[in-house]
Amino acid sequence: MPYRAPISDYELLFRHVVGFDQIASTEKFSEASEDVVSAILTEAGKMCEEVMAPLQRPGDLEPARLENGVLRTSSGYADGWKAIAEGGWIGMSGDPEHGGMGLPMALTSAVNEMMSAACLSLQLAPLMSQGQIEALEHHASDELKTLYLPKLMSGEWSGTMNLTEAQAGSDVGALSSKAEPNGDGTYSVSGQKIFISWGDNDFTENVCHLVLARLPDGVPGTKGISLFLVPKYLPDEDGNPGVANDLKVVSVEHKMGLHGSPTCVMQYDGAKGWIVGKEHGGMAAMFTMMNNARLGVGGQGVGAAEGAYQHALAYALERKQGKTPSGTIIDHADVRRMLMSMRADTFAARAIMLANAAAIDMANATGDAEWGARAALLTPICKAFGTETGIRVSETGVQVHGGMGFIEETGASQYYRDVRVTAIYEGTNGIQAMDLVARKMMDGGEAASRLLDEIEDHAEQARATLPDLAGPVWEATESLRETTEWIVAQSNMNARFAGAVPYLHAFARVLGAHYHLKAAQAEPSGPRFKLARYYINALLPEYVGLLAQAQNGADDLYALSVEEFVA
Ligand SMILES: Cc1cc2nc3c(=O)[nH]c(=O)nc-3n(C[C@H](O)[C@H](O)[C@H](O)COP(=O)(O)OP(=O)(O)OC[C@H]3O[C@@H](n4cnc5c(N)ncnc54)[C@H](O)[C@@H]3O)c2cc1C
């Protein structure tokens, strides 16, 4: 079954679940009417179905490669990029002053999710550009903005992010790349970066790298890091790509999946760069890009989940095995369990992603600090739960296929192999969970508590019509509140960190139930209600075990000595 864009899910979520009307009623997003949203989703969906989805398999079979120092992308990717660029999908949320469409992130997130469902490897390229666009909009000089933003938004040029070095992965502060001032306002950047997604390509005129490096007077750690824009070709006085900069792709990684996306080792040898943001203020600027990318990577997980679900459903509708009413495996209870879980989880993760994006939009449109805190709280949950859902659902998709799931020609395993890295890059999911229980609780748990109040109030109100669904949602939220208070009370951070991952999952389970409940209210006699009932009856109860783990503390984890681990 070819990929089908889940437009009706987005429309329902926008209309009844994540409050898109609130976004559209702000002055900033007043043009995002229902008609505009519908037209955009339909148009983007068509491009994903017709242009991007056919590129999914060829990218896997014919990976990006380096030939005599020249990066070659998979067949068809250049046309795919052209379609993405010409559709305006890169600069959807970009500033109209520089060629963007100024549309809400909620809408961009829906389009990004569709693109990742259709072809994850290729979609990573515009995602990197979008992160760079946002970082430049917030932190670059006017000259850099004027020169780079229109080209990045139109897709003539592309963007990358360069943080990771061999000894500096999760610990970005350990990086050793250097930048020396040239005395003319530019800098010479030197060092080696690894794992750089789309570090080069053969379809854009220029590739613009955002590189973290340390100035000579930069202190050790994250506080001494600055951010530089380092283009592959130095723009000439007309702003066209001129002479080649002193940088190169050293090699391209051989990976478990995501073969169409070139993951590059980059070498900078005194490459000319321009500072973005303040000297030693690189992390603040990079965080803008990383937060954008975390929302986007959460969406990659949702997209992969949707693609894997559609693939598995098509197989279940065809595969004959055992005596069933329809003659196919879709009537077996365990296959039903798998498909229902896949669909219900994907819906929950999608709702969390859109709620995250909606909070970002409301923060941008109103400047209200509470919306900012909501967005910050939801970001690690969106990233980690979205990507875990992508992994879990695509792994289940392999299982639905039985033995054929293990055979490459069905394409089932590609979803799993491709999405696996999303739990690792953009800050591992472990780091996301630590962010949730530490930085995002620095307010004493206030932002979390406000969200839990809202969920409980809504459940109270839903009791009148859907008591069997609303009751469990209220109870789960109350348990989550108790654990949140326990977490905030732990002054020993390791006690918080020990249970951070299960806590984040329990939080996502409760959020998912809340959004399912809203969807069930909107369509109380249709499939939305049935899906919500399954989620709340079968998946939500996981919170009990997760919250017990979350409060277990660190002592048991350190009970074995390192020697005992090894013995
Ligand atoms: C395909 C791919 C594409 C990538 N694209 C990019 C890119 O475009 N740009 C870029 O800059 N980087 C990119 N990366 C790098 C990626 O962001 C890092 O791999 C990731 O941040 C983890 O760093 P690491 O690999 O060094 O793992 P490590 O940091 O060594 O982590 C190993 C394990 O230890 C855990 N761990 C580490 N520190 C802590 C801690 N303080 N507390 C608890 N647990 C901890 C981690 O969660 C993980 O489970 C990419 C990686 C891959 C594989």
Side-chain angles (χ1 to χ4, degrees), residues 59-60 63-64 116 120-132 135 158-177 191-201 207-213 221-222 225 227-228 230 249 251-266 268 282-283 285-287 289-294 296-297 300-301 304 380 383-384 387-388 390-391 417-439 493-501 504 554 557-558:
D60 193 43
S116 26
L120 194 66
S121 284
L122 178 57
Q123 185 267 344
L124 186 53
L127 188 67
M128 294 290 99
S129 286
Q130 286 171 349
Q132 185 168 117
S158 61
T160 73
M161 58 195 286
N162 290 235
L163 291 82
T164 309
E165 297 178 12
Q167 78 296 349
S170 301
D171 184 8
V172 179
L175 65 78
S176 64
S177 288
Q192 189 170 86
K193 297 285 178 180
I194 64 166
F195 295 156
I196 305 310
S197 295
W198 284 100
D200 202 356
N201 67 68
V207 184
C208 311
H209 304 284
L210 272 183
V211 184
L212 285 180
T222 50
I225 294 175
L227 183 64
F228 302 90
V230 187
V249 178
S251 59
V252 174
E253 303 292 350
H254 296 274
K255 308 193 293 292
M256 169 179 174
L258 217 63
H259 293 153
S261 163
T263 305
C264 303
V265 175
M266 303 292 304
Y268 297 88
M283 282 313 285
M286 204 67 180
F287 259 112
M289 182 158 178
M290 278 156 59
N291 279 332
N292 177 308
R294 283 174 180 174
V297 171
Q300 289 191 316
K383 194 275 176 180
T387 57
E388 291 293 343
I391 293 166
R417 288 185 290 101
D418 283 358
V419 77
R420 186 61 189 83
V421 72
T422 60
I424 297 169
Y425 62 32
E426 250 357 287
T428 64
N429 284 4
I431 302 278
Q432 302 301 319
M434 288 163 67
D435 178 48
L436 177 64
V437 299
R439 280 187 70 226
M493 291 310 273
N494 227 24
R496 294 189 189 194
F497 293 153
V501 166
L504 183 148
L557 301 182
Y558 291 88

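Order of appearance sets the numbers: ligands from 1, and atoms from 1 within every ligand. Only this structure's heavy atoms are used, side chains among them; waters, hydrogens and symmetry mates stay out.
Closest of all the heavy-atom pairs between Ser129 and Gly159 is OG-N, 3.0 Å. Of all the heavy atoms in Met286 and Asn162, the pair that sits closest is CE-N, 4.1 Å. Here the shortest heavy-atom pairing between Gly199 and His209 reads O-CE1, 3.1 Å. Residues Lys193 and Leu175 share a closest heavy-atom pair of NZ-CD2, 4.0 Å. Considering every non-hydrogen atom in both Tyr425 and Lys383, the closest pair reads O-NZ, 2.9 Å. The two atoms that bring Gln300 and Gln123 nearest to each other are NE2-OE1, 2.8 Å, heavy atoms only.
Residue, atom and distance of the protein heavy atom nearest to atom 35 (C) of ligand 1 are Ser170 OG, 4.8 Å. Scanning the protein for heavy atoms near atom 8 (O) of ligand 1, the closest one is Ser197 N, 2.9 Å. Summary of contacts: the protein heavy atom closest to atom 15 (C) of ligand 1 is Thr164 OG1, 3.3 Å. In terms of protein heavy-atom proximity, atom 9 (N) of ligand 1 is closest to Met161 O, 2.8 Å. In terms of protein heavy-atom proximity, atom 24 (P) of ligand 1 is closest to Gly169 CA, 4.0 Å. Nearest protein heavy-atom contact of atom 20 (C) of ligand 1 is Ile424 O, 3.6 Å. In terms of protein heavy-atom proximity, atom 7 (C) of ligand 1 is nearest to Phe195 O, 3.1 Å. At the top of the distance list for atom 45 (C) of ligand 1, counting protein heavy atoms only, stands Ile431 CD1, 4.1 Å.
Close approach of ligand 1 to Leu163 (heavy-atom distance below 4.0 Å) involves ligand atoms 10 (C), 11 (O). For ligand 1 and Thr428, the ligand atoms under 4.0 Å from any heavy atom of the residue are 22 (C), 46 (C), 47 (O). Near Val421, meaning under 4.0 Å from one of its heavy atoms, ligand 1 places the atoms 1 (C), 2 (C), 52 (C), 53 (C). The ligand atoms of ligand 1 that sit less than 4.0 angstrom from a heavy atom of Glu426 are 17 (O).
The closest approach between any non-hydrogen atom of Lys193 and ligand 1 is not below 4.0 Å.
At a heavy-atom distance under 4.0 Å, only side-chain atoms of Thr263, from C-beta outward, approach ligand 1.
Distance remark: protein heavy atom present below 4.0 angstrom from atom 43 (C) of ligand 1. Put simply, atom 49 (O) of ligand 1 has no protein non-hydrogen atoms near it, under 4.0 Å away. Of the protein's heavy atoms, none falls inside 4.0 Å of atom 32 (C) of ligand 1.
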